[in-house]
Structures are given as C-alpha cells and as structure tokens.
Amino acid sequence: MPHLMNTYGRLPVAFSHGQGSWLFDTEGKRYLDALSGIAVSTLGHNHPRLVRAIAEQAAQVIHTSNLYAIPRQEQLSDRLAALAGMDEVFFCNSGCEANEAAIKLARLYGHGKGIAEPAIVVMEHSFHGRTLATLSATGNAKVQKGFEPLVGGFVRVPFDDLGALEQATAGRSDIVAILLEPVQGEGGIHVAHSAYMEALRGMCDANGWLLMFDEVQCGVGRTGKWFGHQNAGVKPDVMSLAKGLGSGVPIGACLASGRAAGVFKPGNHGSTFGGNPLACAAALETLAVLDDERLLDNAGRMGQALREGFAVALAGLPGVIDIRGAGLMIGIELDRPCAELVGRALQAGLLINVTADKVIRLLPPLNFSAEEAAALVEGLAPLVKEFLAGQ
C-alpha cells in the first residue's frame with residue numbers, strides 16, 4: 001500500500017463480501033463478525049432492506065448540500081427526536097464531528113451566559129474522537145501524544161466517581177457542561193452506574209449546566225435500549241450519535257433539548273455532506289429494521305447469553321478479571337495485555353478487538369443469532385484459555 005498514509009496497523013486480510021454476521025475474505029474463508037466494523041454494521045452485512053433503500057435513494061439523488069431542504073433529513077430528525085425525547089438534530093458525518101458540535105454548542109451556551117472561557121467536565125479513559133478538540137476531551141494520553149498543545153477548556157475527572165466530580169467543580173463559575181459516555185467503549189467497556197447518571201442530571205439542573213452524552217458507540221440499540229442512557233432513565237441535554245446509525249453509511253448526529261435547544265443559529269455551525277439524502281435513507285431504514293425485527297430486544301438477550309456463556313466457559317480461570325457490558329457491547333478483561341488474541345482469533349475465523357490493552361471487546365451485529373452467540377463462545381473461550389496458559 002505505497003500510497004496510503006501509514007495510520008493503521010491493518011490485519012493481513014481483505015474481505016470481498018458479507019452475509020448476515022459473516023464476512024468472506026478474498027480467498028473464500030468465512031469469519032464470524034463479532035466486531036461489526038467497530039459497532040457500525042448494526043444490521044450485519046447485505047441486509048436486503050438496507051441494500052434496497054440505499055440503491056433506491058442512490059438512483060434518485062445522493063447529495064444536494066444543506067443549502068436546500070432535504071426531506072429525508074427532516075424525516076430522520078423527526079424519528080430521532082421522537083425516540084430520544086429531544087428537540088433538535090444537527091447532522092454530520094462521523095462521531096468526532098458530532099462531538100465537535102456538542103463541544104461548540106456547550107461553549108456557545110456558556111458565552112450566552114456571560115462566561116468568557118467556558119469549561120467542560122470530561123472523564124478519564126474516555127474517547128471522543130481524533131480532531132483536536134475531541135482529542136483534547138479524550139482521556140487517553142497515548143492518543144494525545146505528539147499533538148500538543150491540546151485545546152484547553154476541559155476539566156478531567158475519574159469516570160463514575162461522583163465525589164471526584166463534586167470536588168473538581170466546587171467553587172468554579174466557568175463550568176458549562178459535563179460530557180461522558182454512558183458506556184465507555186475504547187476505555188474498556190465500563191458502564192456508568194445509574195445512580196451516578198442520576199446524580200449528574202441533578203448537578204446539571206442545579207447549576208444550569210448541560211448534560212452531554214457521547215452515544216457514538218453505545219447508541220442506536222447496542223445496549224438493548226435505543227440509547228445507552230435510557231438504561232438509567234436519565235435524559236441528556238445534548239447527545240452525539242454516529243457509528244451504527246447508518247449501518248455502514250457514514251452519518252453522525254448531535255441532538256439537543258431543553259436549555260441546549262436553540263443555541264445554534266444560522267452560521268454558527270455547518271457541514272457540506274452532513275445529512276445528505278443517501279446517508280439519511282440508510283439511517284431511516286436502519287431504525288425501521290431495528291424496530292420491525294425487534295433487534296433491541298435481541299441485543300439484550302444475545303448480550304446476556306454471551307456474558308453468561310463466557311462466564312461459564314472461563315469460570316475459575318486465573319487471569320480473567322471481569323466479564324461486563326450492556327447488550328451487545330461486551331468486554332472480557334484479562335490480567336495482562338492481550339492484543340495478540342486478535343490475530344489468533346482471525347486465524348480461527350473470528351473477528352474481535354482488544355482495547356485498553358487488556359480488554360477483549362465484542363460488538364456483534366444486533367441481529368446476532370443464538371447459534372452465532374454459541375459459536376462465538378465455543379470459538380473464543382479456548383483461545384483465551386490457551387493464551388492465559390502461555391501456549
């Protein structure tokens with residue numbers, strides 16, 4: 001690949017096509033996809049309704065720009081607002097762009113309150129993107145290294161630690177928002193406790209701050225609810241979405257409600273490609289299929305089956321620290337770095353990921369079947385045992 005920038009440590013495989021939860025490489029070998037393109041391929045591969053919706057829209061019009069009305073965009077904003085109980089949607093192309101919009105919205109909100117240098121509370125071990133602002137908000141020094149000076153205006157605290165947050169914000173008049181992932185993905189599949197989320201909602205209401213949830217990875221049904229925060233019954237002021245929203249067609253969204261609604265005015269923010277007819281057609285069909293095929297319920301059931309299956313298969317095994325997650329967002333934490341398991345799994349016909357050095361991350365399609373869940377446990381558990389045994 002002489003003309004590609006060397007930004008990825010790619011695995012030695014290329015895929016020619018897929019069907020459901022399976023991918024096929026250019027040599028014809030079949031792989032069980034337990035990663036979904038990093039939580040993107042919500043409906044798996046080659047779902048007939050998604051393929052048809054994309055083809056039909058592509059045959060009509062793909063892009064016009066936001067200089068004009070886009071009916072598909074209006075339909076999608078209505079649907080997302082109804083599902084989330086929120087008021088407004090801004091469309092973009094990716095998760096980092098959705099988070100950039102949230103950060104800009106929070107700063108503009110702060111300036112509207114007369115705060116000259118607004119600050120946003122962010123979490124350790126978080127991941128919000130790789131643009132300069134989202135990279136600065138991210139709680140991972142490794143991905144920030146070499147890109148200093150970082151953007152200021154962020155106050156970092158430990159995740160899921162209310163006392164630390166209260167201490168860090170005490171007496172400060174510059175705080176305008178709290179930004180967090182209800183389930184940290186890149187950070188190692190850490191689920192925020194419901195009581196913590198409820199307390200954050202109370203703090204934001206008491207202080208006039210915005211509660212902002214990054215649902216780029218945990219949203220769109222992955223945890224068994226439409227959005228991860230709904231497991232705690234807590235509603236945000238701002239929410240970012242991307243990844244699984246278009247089932248592989250790039251689209252991001254930043255939703256706002258309450259005091260965050262109406263902050264952006266014409267000229268404050270924009271996107272050339274964001275919310276174009278093709279992307280919105282893919283997202284609308286994704287949401288419709290999730291509903292029609294009851295895939296949120298399936299995500300909850302299959303996630304529980306996988307966690308229970310691995311708990312039995314790895315029971316009592318020294319080196320297994322924890323098996324956790326929500327819906328089809330699962331982490332198996334080991335006591336040592338385990339990146340080499342990705343290559344071993346690939347050889348065995350399994351697509352997995354390792355994040356935070358020691359956590360096996362599983363993100364299957366939301367239409368993953370019971371038989372596929374059983375096959376994943378049966379295939380991966382022996383690899384984990386062999387790895388921990390030093391074989």
Side-chain angles (χ1 to χ4, degrees), residues 39-40 42 70 72-95 97-106 109 128 177-183 185 191-192 194 197-198 200-202 204-205 209-247 251-264 269 271 274-275 279-292 294-297 299-300 326-329 366:
V40 168
T42 302
I70 303 174
R72 290 283 195 187
Q73 189 180 112
E74 295 171 22
Q75 295 164 17
L76 181 57
S77 67
D78 290 345
R79 182 68 173 133
L80 289 173
L83 292 173
M86 301 183 79
D87 300 325
E88 298 179 336
V89 187
F90 171 82
F91 289 109
C92 50
N93 311 289
S94 66
E97 289 177 70
N99 285 326
E100 282 274 353
I103 291 166
K104 285 183 67 176
L105 190 154
Y109 170 78
H128 300 296
I178 300 173
L179 172 63
L180 76 153
E181 303 152 277
V183 184
V191 183
S194 294
M197 304 266 280
E198 292 168 1
L200 296 188
R201 178 71 275 172
C204 288
D205 289 340
W209 304 339
L210 302 180
L211 182 58
M212 308 200 302
F213 289 148
D214 176 347
E215 296 249 8
V216 168
Q217 190 166 142
C218 66
V220 196
R222 181 147 295 278
T223 67
K225 299 285 188 181
W226 281 109
F227 310 109
H229 65 267
Q230 291 174 336
N231 290 287
V234 174
K235 180 182 168 183
D237 302 298
V238 179
M239 175 173 66
S240 55
L241 300 173
K243 285 192 179 287
L245 181 57
S247 292
I251 184 171
C254 179
L255 284 73
S257 67
R259 63 177 70 97
V263 172
F264 277 153
H269 200 47
S271 170
C280 289
L284 280 164
E285 195 63 27
T286 295
L287 298 177
V289 172
L290 286 174
D291 217 3
D292 294 344
R294 301 181 61 82
L295 295 186
L296 274 65
D297 291 342
L328 285 173
M329 191 171 183
L366 300 197

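Everything numeric in this text was worked out from a predicted model, so none of it was measured.
Side-chain contact between S77 and F91: present, with at least one pair of heavy atoms (C-beta onward) separated by less than 4.5 Å. Here the side chains of K235 and Q230 are not in contact, with every heavy-atom distance at 4.5 Å or above. With contacts defined as side-chain heavy-atom distances shorter than 4.5 Å, the pair F213/E181 does not qualify. When side chains are defined from C-beta on, N231 does not count as touching H229, because their heavy atoms never get closer than 4.5 Å.
With W226 as the aromatic partner, R79 meets the cation-pi criteria of under 6.0 angstrom to the ring centre and within 45 degrees of the ring axis.
No hydrogens or angles considered: a donor-acceptor pair under 3.5 Å links the side chains of S94 and E97. For the residue pair T286 / T42, no side-chain donor-acceptor distance below 3.5 Å is found, with atom types taken as modelled.
Residues in residues 210-219 take part in no salt bridge (charged side-chain N to carboxylate O under 4.0 Å, His left out) pair, two or more places apart or across chains. Each salt bridge (charged side-chain N to carboxylate O under 4.0 Å, His left out) pair with one or both residues in residues 254-263, not counting sequence neighbours, appears once here: D205-R259, D237-R259.
Looking at residues two or more places apart in sequence or on another chain, you find a side chain to side chain contact (heavy atoms under 4.5 Å, CB included) between A106 and I120, V176, A177, L210, M212. Listed by chain and residue number, H269 satisfy the ring pair (Phe, Tyr, Trp, His ring centres under 6.0 Å) test with F90 (two or more places apart in sequence, or in another chain). Residues that satisfy the side chain to side chain contact (heavy atoms under 4.5 Å, CB included) test with A256, not counting sequence neighbours, are E88, L105, A260. For E285, the salt bridge (charged side-chain N to carboxylate O under 4.0 Å, His left out) partners at least two apart in sequence or on another chain are R49.
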